[in-house]
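In what follows, every chain begins at residue 1, and chains take the letters A, B, ... in the order their sequences are listed. From a predicted model like this one, the values you see are computed outputs, not experimental measurements.
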Number of protein chains: 2
Amino acid sequence: MSEVRSRVIPEATVARLAVYLRVLTALAESGRRSVSSGELASAAGVNPAGLRKDLSYLGPCGVRGVGYAVGSLRERLARALGVEQARSCVLVGMGNLGSALAGYAGFGTRGFTFVGLLDADPARVGDVVGGTEVRPVDELEQVVAAHGVTIAVVTTPAGVAQSVCDRLVAAGVRSIVNFAPVTLVVPAGVDVRQVDLSVELQVLAFLDQQKGVDVVPHQASRPMTEQVALP
Amino acid sequence: MSEVRSRVIPEATVARLAVYLRVLTALAESGRRSVSSGELASAAGVNPAGLRKDLSYLGPCGVRGVGYAVGSLRERLARALGVEQARSCVLVGMGNLGSALAGYAGFGTRGFTFVGLLDADPARVGDVVGGTEVRPVDELEQVVAAHGVTIAVVTTPAGVAQSVCDRLVAAGVRSIVNFAPVTLVVPAGVDVRQVDLSVELQVLAFLDQQKGVDVVPHQASRPMTEQVALP
DNA sequence: GGCTGTGAAAGTGTTCACAGCC
DNA sequence: GGCTGTGAACACTTTCACAGCC
């Protein structure tokens, strides 16, 4: 076996690398040439030591006593994440949410291009969103194959998300972001990332509730009994 | 103050409880009366033992040898999460994404009501989305105070998200879901949950890339030669 | 002096295995 | 027999402290 240490990057770290990349891009645009772990960490909302540890999985990235070079670190992160060159994605479900995502110009600058926007509703087919024409969902397999797409975004109604997912996987997609409020079942080797606003809100509701119960934090916030409609 | 079952519920567990609640609601609608940990776990996409452990933080919930009663477990989860009765939220930024979220009827059934939809663009003010009228962002403080709102959703452009956040916090909001691609800075005691599709896609891009390098389709145990080296 | 890189320690979350109950 | 509830083992993450380098 080779002496080269196989650096397995923890998934939690990968998610933060994406955040660092975003911050670095903003810094680069504002003309910054170098940055310290403290600055970068504070802009990313993490602990500086943790940031250094995250970056250390890529091997030495900075200069001791100085900091990190914005440009080269950015390139390195993009390469590590696999977004150095733009990747093709498809998006299925051009309702309000799908249209919102497809119309968001920010993805292009972050390494993603929607090569297919698909919808089952004939009334939506032919619309142009973010410069791409909406096509009938029947063409899913064709679009995926034609562009060698491996990443898909699902924004369909919950009821059809699983069947759309099955078709995507059968067509060759291996990575899916799912916005439909259902748990997708996929074969081993396919990754799903679930985004569910209701879950986010419910987690906040729980934390919120705890704050009320939790006695004596810093600020003496008197136990207000959850009042609604106060004039 | 009933402090008898004052067990600390891990945050990872809280997020999964919200998923179980969603699954249970679907089961209840389809008429199911009871369910086993195995079934529930498979519908939620988790390991059965982990699900039982999650539920055990609420105290004994089921019947040994039988399973869980759908209705009572659902109630119990809703109470634990603090969504037993509907909670008021505001949403700031009625662009495509904000409109999509505000128009999604599913929140009502999951314990949330948008009592304020706010936007800075006069052209959008007065629109009615999901039964609620869009109001000028200047009324933010007033709306938050009038309804005792503690939970907000931010879907503004990145450039104004921090200032909107500051105003929300000053007005009394303690929990925020942020869709803008910036890291919000908040005082201690305020929770932020960040949702960023670019980050999700980049994590998938990374995993996707690893699959390509690692040829074995089964469990990835082969050390791959991490192609991010190079000084 | 300042800041990065990293092992070691502490903390958190997940999985296992089986005891306990129906 | 079947299924829940849970301590104990394991794996993963974060934090700390300081060595190493500029």
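Put simply, the side chain of Arg87(A) gets close to the backbone of Gly82(A): a donor and an acceptor are under 3.5 Å apart. Between the side chain of Gln194(B) and the backbone N or O of Ala180(B) there is at least one donor-acceptor pair closer than 3.5 Å. Between the side chain of Arg76(A) and the backbone N or O of Leu58(A) there is at least one donor-acceptor pair closer than 3.5 Å. With hydrogens and angles disregarded, no donor-acceptor distance shorter than 3.5 Å links the side chain of Ser88(B) to the backbone of Val149(B).
Contact annotation: Arg16(A) reaches the phosphate of dT14(D) (side-chain N/O to OP1 or OP2, under 4.0 Å). OP1 or OP2 of dT4(D) sits under 4.0 Å from a side-chain N or O of Ser37(B). In this structure, Ser36(B) does not reach the dC3(D) phosphate: none of its side-chain N or O atoms is under 4.0 Å from OP1 or OP2.
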Provide a list of protein-nucleic acid N or O atom pairs under 3.5 angstrom, restricted to nucleotides 19-21 of chain D.
from: dG20(D); atom 1: N3; to: Arg64(A); atom 2: NH1; distance (Å): 3.1

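The CG-C1' distance, from Leu17(A) to dT13(D), rounds to 14 Å in whole Å. Separating the CG atom of Leu55(A) from the C1' atom of dT14(D) is a distance of 15 Å, rounded to the nearest angstrom. To the nearest angstrom, C1' of dT12(C) lies 16 Å from CD1 of Ile9(B). Rounding to whole angstrom units, OH of residue Tyr57(B) and C1' of dT6(D) are separated by 10 Å. Nucleotide dC3(C) holds its P atom 17 Å from the CG atom of Leu73(A), rounded to whole Å. Nucleotide dT6(C) holds its C1' atom 13 Å from the CG atom of Asp54(A), rounded to whole Å. Put simply, CZ on Arg52(B) is 6 Å from C1' on dT4(D), counting in whole angstrom units. As rounded to whole Å, 12 Å separates atom P of dT14(D) from atom CD of Glu11(B).
In the set dC16(C), dT13(D), dC16(D), the nucleotide with an atom closest to the side chain of Asn47(A) is dC16(D). Out of dT13(D), dT4(D), dG13(C), the shortest distance to the side chain of Pro10(A) is found at dT13(D). Listed candidates were dG7(C), dA8(D), dA17(D). Nearest to the side chain of Lys53(B) is dA8(D).
Residue Val63(B) is the one, among Val63(B) and Gly50(A), whose nearest nucleotide of DNA chain D lies closer to the 5' end (criterion: closest heavy atom).
Asp54(A) and Thr13(A) share a side-chain donor-acceptor pair at under 3.5 Å. Between the side chains of Arg110(B) and Thr25(B), no donor N or O sits under 3.5 Å from an acceptor N or O.
Residues passing the ring-ring contact (aromatic ring centres under 6.0 Å, His included) test with Phe114(A) are Phe107(A), sequence neighbours excluded.
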Checklist outcome for this item: Secondary structure of DNA chain C per the Watson-Crick/G-U criterion (both distances under 3.5 Å; [ ] crossing, | other strand, . unpaired) is ||||||||||||||||||||||

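In this structure, Tyr68(A) and Gly62(A) approach most closely via the heavy-atom pair CD2-CA, 3.5 Å. When all heavy atoms are compared, the tightest approach of Lys211(A) to Arg174(B) is NZ-O, 2.7 Å. Of all non-hydrogen atoms in Asn178(B) and Ala161(B), the two that sit nearest each other are OD1-CB, 4.4 Å.
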